[in-house]
2 protein chains.
Amino acid sequence: MKLGEFVAQNGIPLSRTEGQYVFRQGEQDTSLYFVKTGLLKAYYLSADGKENIKSFILPGDHIGSLMASHAGKPCSFSLLCLRPCELTKLPFATLYEAVRTDPEISAAAVDFLLNFAMKKEIREYELLCLSAEERYRRLMENTPDLLKLVTQNEIARYLGVTPVGLSRIKKRVMA
Amino acid sequence: MKLGEFVAQNGIPLSRTEGQYVFRQGEQDTSLYFVKTGLLKAYYLSADGKENIKSFILPGDHIGSLMASHAGKPCSFSLLCLRPCELTKLPFATLYEAVRTDPEISAAAVDFLLNFAMKKEIREYELLCLSAEERYRRLMENTPDLLKLVTQNEIARYLGVTPVGLSRIKKRVMA
DNA sequence: CATGACTTTTGACCTGGGTTAATTCCAGAA
DNA sequence: TTCTGGAATTAACCCAGGTCAAAAGTCATG
């Protein structure tokens, strides 16, 4: 993919150890991050201290705060490394600039965004239409490997239930 | 916006009366629709007959099935007119072609998709992190006019609760 | 004014998942 | 092998919202 080359040439390598943040909710971070190795979680922290996990980010995936990069607002979520990570950091402005001047990059960006939008639609569908149990079943089918990489606590926060709730769902599903 | 011109020049005008479908879940429809006037709802129908409303589409908004247009799958939701509608239909392939050849269109498409992705992120956040009551409060604040355009039944299905549930939430919120 | 056909509200009851707190399970350190 | 601290399970209790069914609005039409 042409976009991959662009990122490799214009991005800045970045290492993070387990437990380090890439950025925190409320901060201003206008870069995109492409994951070479490692594992991260993007999560919202509510005013009353509840954590909700937006997504897990695996090698080959990418992440960044659209709110911060494109709308000039603070990041609405935090990005934390669950494993040591090798990332490539690309300032959003660099890509946005390239979109205006390089047609090939621009077309690649459109593809990139189309895929991104489709993923978001699927997640929206799952949250709107499926029960927590159905979401858990889907996760088991679609990304069973993820279940081994993160704690059940985190799976729960990703599915939109508490760890206690997920434990009950598991029992029910296995029976 | 440059994209608006492109749509006006390359799109096909389309009229629909209240109650007519633009496309139905399961069909193959690879066009984007830009709303001039009217009101539509995009909704999922589950196997057991439950309706969940993905979004309401107002004048100035746009809609289309990414799954169908970009991934070659059938539409995952239906698009129904709640009022007589004047639309502009633009085959996705036409736009996609233009993206490859016209840098200006391409850049506009990137902006378009960025805005789209941001909206999706907000909805994802609301569904993941907020209770039905909080979602209702937000809706009242952000788009109070919508409450007058559609039935409470439909508002409920948009918020992810039943009409009965919403009636109770309303009572609670007003008190 | 009366008649349907909705839409909304209410009531009774049920259930999935939240909350809190106590256990039980580990896996790694000593 | 034994500690120890976090992860997961279990139990008891609670509540938001679901379901079903009845009642009460609402409103266009004859």
Side-chain angles (χ1 to χ4, degrees), chain A residues 17-20 39 41 43-53 56 80-84 126-140 144-175, chain B residues 17-20 39 41 43-53 56 80-84 126-140 144-175:
Chain A
T17 62
E18 185 170 334
Q20 278 192 314
L39 172 66
K41 74 170 173 184
Y43 68 95
Y44 299 102
L45 203 59
S46 70
D48 55 332
K50 299 204 190 313
E51 175 180 328
N52 284 99
I53 298 183
F56 297 104
L80 175 66
C81 297
L82 298 179
R83 295 278 186 289
E126 292 176 343
L127 291 168
L128 178 64
C129 301
L130 305 182
S131 68
E133 178 173 332
E134 289 168 315
R135 293 199 290 272
Y136 175 64
R137 294 192 122 100
R138 279 209 173 204
L139 191 66
M140 284 192 8
D145 16 334
L146 188 64
L147 299 178
K148 284 158 212 151
L149 294 177
V150 302
T151 67
Q152 195 167 305
N153 192 310
E154 284 161 327
I155 296 287
R157 262 62 165 101
Y158 173 72
L159 295 176
V161 296
T162 60
V164 178
L166 179 54
S167 175
R168 283 191 287 235
I169 289 171
K170 268 180 71 179
K171 202 209 272 192
R172 204 191 306 150
V173 167
M174 286 202 288
Chain B
T17 63
E18 185 169 333
Q20 278 191 314
L39 173 65
K41 74 171 173 184
Y43 68 96
Y44 300 101
L45 203 58
S46 70
D48 55 332
K50 299 204 191 312
E51 174 179 329
N52 284 100
I53 298 182
F56 298 104
L80 174 66
C81 297
L82 299 179
R83 296 278 187 288
E126 292 176 342
L127 290 168
L128 178 64
C129 301
L130 305 182
S131 68
E133 177 172 332
E134 289 168 314
R135 293 199 290 272
Y136 175 64
R137 294 192 122 101
R138 279 208 173 204
L139 191 66
M140 284 192 10
D145 17 333
L146 188 64
L147 299 178
K148 284 157 213 151
L149 294 176
V150 303
T151 68
Q152 196 167 304
N153 192 309
E154 284 161 326
I155 296 286
R157 263 59 166 103
Y158 173 72
L159 294 176
V161 295
T162 60
V164 178
L166 179 54
S167 175
R168 284 191 285 237
I169 288 171
K170 268 180 69 179
K171 201 209 272 195
R172 204 192 306 151
V173 167
M174 286 202 289

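The chains referred to below are lettered A, B, ... by the order of the sequence lines, with proteins before strands, and numbering in each begins at 1. Note that these values count all heavy atoms, side chains included, but never hydrogens, waters or copies made by symmetry.
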Per-nt protein contacts along nucleotides 17-29 of chain C (heavy atom under 4.0 Å; B base, S backbone sugar-phosphate only, - none) come out as SBBB---------
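- In this structure, the CG atom of A:Leu130 is 15 Å from the P atom of D:dG18, given to the nearest Å.
- B:Asn52 places its CG atom 13 Å from the C1' atom of D:dG18, with the value rounded to the nearest Å.
- OP1 or OP2 of C:dT10 lies within a sub-4.0 Å distance of a side-chain N or O belonging to B:Lys171.
- For D:dA8, the OP1/OP2 oxygens have no side-chain nitrogen or oxygen of A:Lys170 closer than 4.0 Å.
- Taking every heavy atom of both residues into account, B:Tyr158 and B:Leu139 meet most closely at CE2-CD1, 4.0 Å.
- A:Gly160 and B:Leu128 get closest at one heavy-atom pair: CA-CD1, 4.1 Å.
- One can place NZ of B:Lys148 at 17 Å from P of D:dT26, the figure rounded to the nearest angstrom.
- Residue B:Tyr136 comes nearest to B:Lys170 through the heavy atom pair OH-CG, 3.2 Å, listed as atom of the first residue, atom of the second, then distance.
- Between A:Lys41 and A:Glu154 the shortest heavy-atom distance is NZ-OE2, 3.3 Å.
- Atom CD in A:Glu154 sits roughly 8 Å away from atom P in D:dA7 (whole-Å rounding).
- Checked for salt-bridge contact, A:Glu134 and A:Arg138 miss the test: no charged N lies under 4.0 Å from a carboxylate O.
- Closest of all the heavy-atom pairs between B:Leu166 and B:Ala156 is CD2-N, 3.6 Å.
- Atom C1' of nucleotide D:dA7 and atom CG of A:Leu147 are separated by 15 Å, given to the nearest angstrom.
- Protein atom CD of A:Glu51 is 11 Å distant from nucleotide atom P of D:dA7, rounded to whole Å.
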